[in-house]
Each structure stands twice: as structure tokens, then as C-alpha cells.
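One structure below.
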Amino acid sequence: MSDFSQRNQALARQLKEDLADKLADLREVRRQLIAEIAPDDWIDACRALRDTDGLEFDIMIDLCGVDFLGYGDDEWETAEATGSGFSRGVDELGPGRFDWESRPEAEDIPNRFAVVVQLLSTRHNRRLRLRCHPEQADFPVLPSIVDIWNSANWYEREAFDLFGIVFEGHPDLRRIATDYGFIGHPFRKDFPLVGNVTVRYDDDRGRVIYEPTEIEPRVLVPRVIRRDSRYVGDEMDPEEAPASG
Amino acid sequence: MAEIKNYTLNFGPQHPAAHGVLRLILEMDGEVVQSADPHVGLLHRATEKLAESKPYNQSIGYMDRLDYMSMMCSEHAYVRAIEELLGIEPPERAQWIRTLFDEITRLMSHLMWLGANGLDLGAMTLFLYCFREREYLLDAYEAVSGARMHATYYRPGGVYRDLPAEMPKLSESRFRKAADVKRLNEWREGSMLDYLEAFMAHQNDRIDDYETLVTDNRIWKQRNVGIGVVSPERARQLGFSGPMLRGSGVAWDVRKKQPYAKYREVDFDIPVGVNGDCYDRYLVRVEEMRQSVRICQQCIAWLRENPGAVMAGNYKVAPPSRKEMKDDMEAMIHHFKLFTEGYCVPEGETYAAVEAPKGEFGCYMISDGANKPFRVHLRAPGFAHISAMNEMARGHMLSDVVAIIGTLDIVFGEIDR
């Protein structure tokens with residue numbers, strides 16, 4: 001049990017006992033517990049988390065989708081200098097640098113999408129994060145947990161709208177944040193940051209019309225990943241310099 | 001007998017009681033609401049996606065524009081998530097300043113709510129009273145950050161700068177006569193802490209004034225008592241937090257249960273409602289204002305006694321001072337790297353929650369080690385509250401819909417994000 005810090009040990013032990021094989025993985029990141037659940041066990045595990053004595057996660061605080069396309073990609077070579085020097089970091093099709101026409105092909109990578117749920121138990125004053133990867137990335141489907149926590153209703157609508165994750169059994173799976181008749185799922189990583197259409201009132205036609213967006217995609221700061229020792233783990237050196245206002 | 005059919009009513013988005021851009025489709029049977037279908041998203045700006053395309057520090061300003069009635073509380077959640085991932089802790093004085101400004105923000109938000117809700121329900125005077133006091137607090141925001149509302153004051157590693165030693169004074173103008181200026185400047189002779197202390201010393205009496213206007217007012221009670229009742233079980237099921245949850249009798253407050261900043265060290269009480277109706281939620285919020293005054297007074301006392309740094313001295317995250325940059329090459333390089341590239345946050349994920357005036361405001365952040373977040377999700381309390389609109393409004397009269405929208409204390413900046 002040494003994988004878990006003091007304050008999470010009791011909960012980790014109980015989760016392993018009560019969820020048993022429904023728990024695909026349990027780990028601790030930044031002193032917070034993350035339980036990974038397989039899509040087939042999603043409903044059963046959630047119900048157990050709500051109803052089992054000692055767990056009693058009575059509030060579903062948050063549910064959101066995540067698109068892991070491009071996780072860990074950077075636009076700028078930082079580890080080694082090349083013969084031609086460092087790249088300028090502007091040619092890549094990184095996030096925010098493409099428009100609707102030049103958007104990358106949707107990739108079918110395993111575990112591309114995730115649904116992340118934050119649970120809270122007001123009885124035991126504990127939090128837990130659940131994560132579940134819908135199986136097919138080209139058509140992600142997950143059973144809905146609205147019956148278990150009613151608050152999931154709008155959050156699942158939001159995840160559907162922004163990521164295109166379909167929640168089976170949801171009573172009212174409509175778009176929520178985007179426009180009526182919107183095309184695409186805007187928070188997917190292969191959806192352009194500048195969007196696809198603009199809306200304006202046309203004087204001649206006397207109505208509101210949709211046009212392809214004309215904004216030039218631009219990103220001012222390249223995406224950089226540095227794995228220097230100064231950034232790794234807890235080794236942010238506080239003695240670096242004297243404190244000053 | 002003539003057959004009477006249900007009809008639909010489009011409430012908002014331009015209706016003044018829709019608090020911004022709520023479009024509510026009501027199915028009515030006579031004057032009784034059968035179902036309410038809120039259409040949100042008219043203010044959707046994809047803040048979360050924008051944050052993914054910028055270095056961490058450049059998104060702090062977006063947080064102000066989420067819940068634009070409680071700016072610094074949203075900043076606090078975002079900044080805490082970054083600090084959690086970086087593994088840095090702000091200096092003690094910065095944490096006290098954050099506690100102070102969280103509570104000032106709570107006062108501002110509740111004043112705004114009380115005034116606007118009063119206006120919705122026909123109590124005009126309340127609005128004028130509340131806005132008068134709110135203006136003093138906006139001046140505090142301005143003095144400390146330069147902006148009346150969108151402060152960008154909290155930064156990873158602390159706060160932007162220390163509290164000013166001198167409170168800016170008002171001057172005479174076409175709009176402000178000499179007598180007014182003299183009265184308004186009375187509290188501004190000393191430092192900012194003097195100013196806030198003078199304000200807090202008077203604020204409980206002011207809250208008494210609001211209460212004399214409405215607490216026992218027959219009309220106020222007729223509009224609020226027994227309206228929008230939510231049982232504690234339902235409140236949990238619906239994901240309520242903050243005053244909405246406490247109004248239903250659940251004693252839950254993130255500040256008390258999972259303390260952050262300096263809430264562990266200040267003394268305050270959590271008001272809890274009994275009936276779970278609009279009136280109880282009103283009482284809870286009014287009492288919260290008194291508790292906020294109490295917390296602010298404790299913060300002011302501590303801040304007077306304990307000068308010190310307000311920003312972590314780690315130049316990988318916080319910029320060096322202007323003066324140092326002039327004669328230290330290292331400081332110069334740090335400044336350059338920080339403002340052209342930002343800082344890389346170690347790979348990981350975290351969820352940081354704060355008790356914002358409207359409920360639990362959370363920031364779920366995934367970093368893949370880059371100088372920009374991989375995913376930011378913002379948990380807005382109003383989103384869960386407005387989703388319960390249908391359940392709360394069903395069976396009530398049309399005029400009660402206004403009271404229920406008011407009691408939810410919704411701001412579309414945070415709901416639509």
C-alpha cells in the first residue's frame with residue numbers, strides 16, 4: 001500500500017475491496033486518487049460507489065470529456081540542437097494552427113477519448129476521480145450515469161456537444177453550448193481553434209447568415225516541452241533567489 | 001366547455017430577469033409552469049479550448065470573465081491547480097491576501113445578488129443600497145490590481161503585488177461635488193488596510209439596513225417562502241454546492257471541510273437553512289456576508305502585523321523585479337524566457353476546488369509537460385444549479401420562475417464558459 005499517501009490509504013484499500021474486478025486501475029497523482037474503470041463496468045462501478053457503505057459518494061461534482069489526440073506533442077525541438085539550429089516552431093499543424101479546410105484527419109488512436117468524473121462524498125469528506133475510456137475512438141459510446149447521479153444530465157450533454165461522446169440511455173442528449181445546427185465537436189483536438197463558421201446579419205437578405213470563418217489561425221507562443229531537472233517532480237528549487245515583491 | 005391547451009412561452013434571452021442570456025422555454029398550463037427547458041450557451045466562448053492554446057499565465061485573465069461577479073475566486077481555483085502541479089506554495093502573506101480578497105469577492109457577489117434579486121422581485125431600494133457598498137469594494141479591487149473587475153491579481157506563486165500603502169483618493173469633477181468627495185475620501189486617508197477596516201466596521205450595520213427592508217417584509221416573504229423547495233437528498237443528487245446546498249440544510253463548505261489558503265486559521269461559521277426554499281437561501285447568503293466581514297477583519301489584523309513577500313522567489317515561475325533585471329543577467333534571462341515561452345508544468349493532472357460565492361468552483365487540469373495546459377476543465381457551480389431549473393420551477397406560477405432564477409444566483413459567464 002506504499003503507493004498511496006497516508007490520507008488516501010484507507011480509501012484505496014476500501015476501493016480495492018468493494019469494487020474488486022470492476023476497478024481496472026487505481027493510482028495516485030498529486031495526492032489525488034484516480035480510479036480507472038472499463039466501459040463495461042461503468043454503470044455497476046458508479047452505482048457501487050454511490051451505494052456502498054463507507055464509500056457513499058453522494059455528489060457527482062463534475063463530468064468532462066478529454067481528447068488525448070496529440071498528448072505529449074511539442075512544436076519545438078528542445079532536447080538536442082540540430083545541424084540547422086533550432087526549428088522556429090511555426091510550420092507544424094499544432095493545436096490552433098490550422099483552419100477548417102486544413103484540419104488534420106481524425107485519428108483512431110486507442111483510448112483517444114476519456115470521460116472524467118469528479119466525485120465527492122459529503123459524509124466522509126473525500127474526493128475521487130473516475131476515468132473511463134470509451135472503446136471506439138471513431139464513435140465513442142458510454143452508458144449514461146444520469147440515473148445514478150441526476151447532476152450528470154447536463155454534464156453529459158456538454159461532453160456530447162464538445163467531444164461527440166455519446167451517452168447511451170441519456171434521456172435528452174441534445175447539444176448544449178454550441179449554436180442550433182452546429183457541425184462538429186469543437187473541443188476535439190482536430191477541430192480548429194478559429195472555428196468553422198461566422199454568423200452575421202445580412203442587410204440584403206434581411207436575415208442572419210452563416211459564412212466560412214475568415215480569421216487567420218495564429219498561435220503566438222509555440223508549444224514546448226522541457227524535461228529539465230528543474231521542472232521534474234518536486235524539485236522546484238525554492239532557494240533559487242531571495243524573495244522579492 | 002372550451003378545451004384549454006398548454007402553450008409554450010419564450011422567456012429571455014432579452015428579458016431583464018433572465019440575468020444575462022438565458023433562454024427559457026416554458027410550457028404553461030394557464031399560469032402554471034409544466035416544464036422549463038433552459039437553453040444556455042449563448043455566451044459560450046470556449047474558454048477551456050482557448051486556455052489550451054496559451055501559456056499558463058495568459059489564461060488567468062479569462063478566469064475573471066467566467067463568473068464576472070466573483071472574479072478573484074475563479075482565478076484562485078485556476079492558480080491553485082497550477083501551483084498544485086508545479087508543487088509550489090505561495091508565501092504566507094500572499095495566502096492571507098488571497099483569503100482577504102476571496103471574502104471581499106464573496107461580499108461583492110452577494111451584494112450584487114441581493115440587489116439584483118431584490119430588483120427582480122420588486123424591491124428597488126435594496127438595489128441602490130447594495131450597489132453603494134459594492135462600489136467601495138470595487139475601489140479596493142482597483143487599488144490593488146488596477147482594474148475594477150477583471151483583476152488578474154492572483155498569479156501562480158502568490159499575488160501580483162503587495163497591498164498599496166496608500167489608498168488612491170477621489171478628486172472633484174463635473175460628476176462629483178466637493179462635499180461628496182470629502183465624505184468619500186474620509187476612509188481613504190491611510191493605507192488600503194485602513195480603508196478596508198473602516199468599511200468592514202460599518203458593513204454589519206449596513207447589512208442590518210438591508211434586512212430591515214426585506215427580511216420581515218410581507219411581500220418579500222410571499223414571493224420567497226415555500227418557493228423552489230429542494231430537499232437535502234435532491235440537492236445532493238442535483239450536484240448543488242455553496243449556498244444552494246446549505247440552504248437545503250447540508251452543512252458543507254469547502255472552506256471548512258477541505259481548507260485552502262488560510263481558511264484553516266480564521267474563525268467563521270457556516271450558516272445552514274432548514275426548509276430549502278428561496279427564503280432560506282436568502283437568509284444563508286445574508287449571514288454569509290456577515291461571516292465574510294468577520295473573516296476579512298481577521299485577515300486585516302494579520303496582514304497589519306506581518307509584512308513580507310507576496311510572490312514566491314522562484315524565477316522559473318514568477319518574474320524577477322524590474323530593478324533586478326537592470327543589473328542581473330540571470331534575472332534578465334528569466335524574465336525573457338518567462339514572457340516569451342512561459343514555464344513548463346510537470347506531467348500530471350489535478351482538480352483544485354474553491355468555495356466561490358455561488359458554490360464549488362473547480363479547475364481540472366491535465367498537463368503533458370508543456371508550457372500550455374493539455375486540457376483545462378472548469379467546473380462552474382451555476383451550471384449544475386441551472387440544470388435543476390426544470391425540477392424547481394415545475395408546478396410554480398410564472399412569476400415564481402423569476403424568483404427561482406434569482407435564487408439560483410446564476411451568471412452566464414461561468415455557465416456557458
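To find a chain, count down the sequence lines: A is the first, B the second, and so on, and within it residues start at 1.
- Proximity to chain B among residues 192-200 of chain A is limited to A:Pro192, A:Leu193, judged by heavy-atom separations below 4.5 angstrom.
- For the set A:Arg175, A:Arg174, A:Arg50, A:Arg157, the entry with the most heavy-atom pairs within less than 4.5 Å of chain B is A:Arg174.
- In terms of heavy-atom pairs under 4.5 angstrom with chain B, the leader among A:Asp73, A:Val116, A:Thr178 is A:Val116.
- A salt bridge is absent between A:Arg188 and B:Glu52; no separation between the charged side-chain nitrogens and carboxylate oxygens falls under 4.0 Å.
- Side-chain contact check for A:Gln32 and B:Thr350: at least one donor-acceptor pair (N or O, by modelled atom type) lies under 3.5 Å.
- Ion pair A:Arg131/B:Glu349 flagged as a salt bridge, since at least one NZ, NE, NH1 or NH2 atom sits closer than 4.0 Å to an Asp/Glu carboxylate oxygen.
- The aromatic rings of B:Phe374 and A:Phe68 sit parallel to each other, their planes meeting at less than 30°, with 60° as the upper class boundary.
- Ranked by heavy-atom pairs under 4.5 Å with chain A, the first of B:Glu391, B:Arg417, B:Lys54 is B:Arg417.
- Under the salt bridge (charged side-chain N to carboxylate O under 4.0 Å, His left out) criterion, A:Asp25 pairs with A:Arg27, not counting sequence neighbours.
- Between B:Lys49 and A:Asp67 there is no salt bridge, since none of the side-chain N atoms of the basic residue sits less than 4.0 Å from a carboxylate O of the acidic one.
- Interface summary for chain A: among B:Ser387, B:Gly239, B:Gly41, B:Ala388, the most heavy-atom pairs under 4.5 angstrom belong to B:Ser387.
- If you check the side chains of B:Arg234 and A:Asn150, you find a donor sitting under 3.5 Å from an acceptor.
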